[in-house]
Amino acid sequence: QQEYDYPMPEYTPTEGNLEARKAFQDMKFGMFIHWGIYSVLGDGEWVMFTQKIPYDTYGRLAKFFDPEDFDAKEWVKIAKAAGMKYITITSRHHDGFSMFDSKATDYDIIDATRFGRDPLKELAEACKEEGIQLNFYYSLLDWGRDDYKKGKKGDKEAWNQYVEFMKAQLTELLTNYGEIGVIWFDGHWDQKKADWKYDEIYSLIHKLSPSTLIANNHHIQPILGEDIQTFERDLPGENKGGYSAGVKVSRLPLESCATMAKSWGFNLKDKNFKSTRQLVHFLVKAAGKNGNLLLNVGPMPNGEIQPEFVSTLKEMGEWTAKYGEAIYGTRGGVIKPQNWGTVTRKDKTLYVHVLNPPAEPYIFIPELGEKVKSVTSFDGGERIKFKQVKEGVFLYPSSLDDESIDTIFRMEIR
Ligand code: FHN
């Protein structure tokens, strides 16, 4: 733990919480959903900021938010078919608009739109029916509220009022939607020095629902009271997305969030679609580093997920249906990631994932202390020759297919 300028929450996770952490690690793959009134403009979730739209005018977007094709069951079906085990949806993003029925504000989907339905409620029901875990993203940062703005400038009373507002909303989110797996905070980085009163906020969450896990995408070392460490556009321990400089990987469950194109919120111009191969590799590499992948979609203003994402998710689903055994319920950190790929583990079975076949006619797995009993190909169960030396294990597959997304070998340990 590092030093913080504010009071630290006291925290001993309950048994149920520790079990929930394990279950979370087993799930490996989740769907992130960024959906809000910003979706109407098709220019990403930061559109108010990037297009410099005044807050009072921005609010008019609520009048155009009428997603008549929204079908929570369809979203859940798409996630489930992709092999995703949980959904994390923006209950409120930085624009401050609450995508749920909140009594703490009128700036919410029930009071401010003609849609008048609570999508989180519908999603909660659909998730429950299909056995998918539901999680809520919640922005700490708010671009519009006076108390946030005044509080930011040092007005203590205003700041306290803002924190109380968040507590009221978090209470709603944890009481009105059944069991919630994770509360996923974001926006801390806007006020790095502020006293976010995590002692109060986290204690409230753990008191209301001890098994609900807390994640905070603050891009710093985990704070006491948190149950998950997040990495944005990054694998744990890397800093390719530029958010995790100097952040060390903790022993908490790990989760990397990533986009399917570039933007989080629906963006009409964004054609940077990642391929199924790239995304499966991300999932496998995350698992190899002992982390989950939270893969984002930004549904369109009509409520549908765009067809490019749907078809890639379908292909990912074909992969997870066939090879899920080598991902779900596994743990990583077996070896350091290699140029050719990575390794995941379940008890005495290691799964060797060859993502980029090496030029050499063998795979070398370094630093494996345990004695290998047998190696077989995942597809077809063919016995693979191997040689174990002090430095590691050599596998000699008869051939490696460059086209294959991931050639997997099952390695049994004595
Ligand atoms: O600013 C947000 C962004 O809009 C998006 O929600 C991502 C998701 O991880 N987080 C923030 C940037 O850190």
Side-chain angles (χ1 to χ4, degrees), residues 29-53 55 58 61 84 86-100 120 135-145 148 152 166 173 181-192 194 196 213-223 226 228-236 238-247 253-270 272 274 279 282-283 286 291-299 305 309:
F29 191 22
M31 178 183 266
F32 208 178
I33 301 181
H34 276 69
W35 200 45
I37 56 172
Y38 46 77
S39 309
V40 171
L41 294 180
D43 194 13
E45 78 289 357
W46 272 68
V47 61
M48 174 181 151
F49 190 89
T50 53
Q51 289 194 21
K52 299 194 174 61
I53 305 172
Y55 184 59
Y58 177 86
L61 284 177
M84 292 158 152
Y86 58 99
I87 291 180
T88 306
I89 185 168
T90 45
S91 62
R92 172 171 155 274
H93 204 261
H94 312 331
D95 64 354
F97 189 81
S98 298
M99 291 294 287
F100 61 102
L120 299 200
N135 305 333
F136 291 143
Y137 169 110
Y138 190 84
S139 177
L140 294 158
L141 149 66
D142 191 303
W143 285 329
R145 285 180 64 98
Y148 184 82
K152 204 167 154 168
M166 289 199 290
L173 289 170
V182 181
I183 295 287
W184 206 101
F185 290 107
D186 200 0
H188 163 104
W189 33 265
D190 184 57
Q191 287 300 305
K192 289 199 187 98
W196 285 103
L213 305 179
I214 296 178
N216 193 333
N217 189 38
H218 43 40
H219 315 313
I220 54 172
Q221 274 327 107
I223 293 169
E226 292 165 8
I228 294 173
Q229 184 177 13
T230 64
F231 298 85
E232 181 168 338
R233 300 183 194 271
D234 265 328
L235 289 167
E238 296 186 357
N239 183 31
K240 295 208 173 112
Y243 296 99
S244 326
V247 175
L254 312 172
E255 182 183 54
S256 294
C257 58
T259 50
M260 293 194 69
K262 205 166 171 200
S263 178
W264 298 98
F266 174 57
N267 193 322
L268 272 171
K269 289 180 285 187
D270 189 358
N272 304 285
K274 291 172 192 158
L279 292 169
F282 203 108
L283 173 66
N292 290 13
L293 169 61
L294 180 61
L295 184 60
N296 182 73
V297 297
I305 298 176
F309 293 170

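First listed ligand is number 1; within each ligand, the first listed atom is number 1.
Among all non-hydrogen protein atoms, the one lying nearest atom 2 (C) of ligand 1 is His94 NE2, 3.2 Å. Shortest contact from atom 10 (N) of ligand 1 to any protein heavy atom: Asp186 OD2, 2.5 Å. The protein non-hydrogen atom at the shortest distance from atom 13 (O) of ligand 1 is Glu232 OE1, 2.6 Å. Scanning the protein for heavy atoms near atom 6 (O) of ligand 1, the closest one is His34 NE2, 2.7 Å.
Among Tyr58, Tyr38, Tyr55, the one residue that satisfies the side chain to side chain donor-acceptor pair (under 3.5 Å) test with Asp95 is Tyr58.
Ligand-side atoms of ligand 1 in range of Trp189: 1 (O), 11 (C), 12 (C), 13 (O), range being under 4.0 angstrom from any heavy atom. Distances below 4.0 Å separate heavy atoms of Trp184 from the following atoms of ligand 1: 9 (O). Listed by atom number, the atoms of ligand 1 under 4.0 Å from Trp46 heavy atoms are 1 (O), 2 (C), 3 (C), 4 (O). Proximity to Cys257 (heavy-atom distance under 4.0 Å) selects the following atoms of ligand 1: 9 (O). In the vicinity of Tyr137, heavy-atom distances shorter than 4.0 Å reach the ligand 1 atoms 6 (O).
In this structure, Tyr138 and Phe185 have perpendicular ring planes: the angle between them is above 60°, well past the 30° mark. The aromatic rings of Tyr137 and His93 lie parallel to each other, their planes meeting at an angle below 30°, with 60° marking the opposite boundary.
The shortest side-chain heavy-atom distance between Val247 and Gln221 falls under the 4.5 Å cut-off.
At a 4.0 Å heavy-atom cut-off, ligand 1 touches Asn217 through the side chain alone. Neither the backbone nor the side chain of Phe231 has any atom closer than 4.0 Å to an atom of ligand 1 (non-hydrogen atoms only).
A pairwise comparison of heavy atoms in Tyr148 and Leu140 identifies CE1-O, 3.7 Å as the closest pair. Taking all atoms of both residues into account, the shortest heavy-atom contact from Asp234 to Gly242 is OD2-N, 4.0 Å.
Residue His93 places at least one N or O, backbone or side chain, under 3.5 Å from an N or O of ligand 1. Taking any N or O of His219, backbone or side chain, at least one lies under 3.5 Å from an N or O belonging to ligand 1. Between Glu45 and ligand 1, a contact under 3.5 Å exists for at least one N or O pair.
Using a 3.5 Å distance cut-off with no hydrogens or angles, the side chains of Thr90 and His34 do not pair a donor with an acceptor.
With a 6.0 Å radius and a threshold of 12 heavy atoms from other residues, nucleotides or ligands, Phe49 has its CZ atom at or below the threshold.
In summary, the aromatic rings of Phe32 and Trp184 are positioned with their centroids under 6.0 Å apart.
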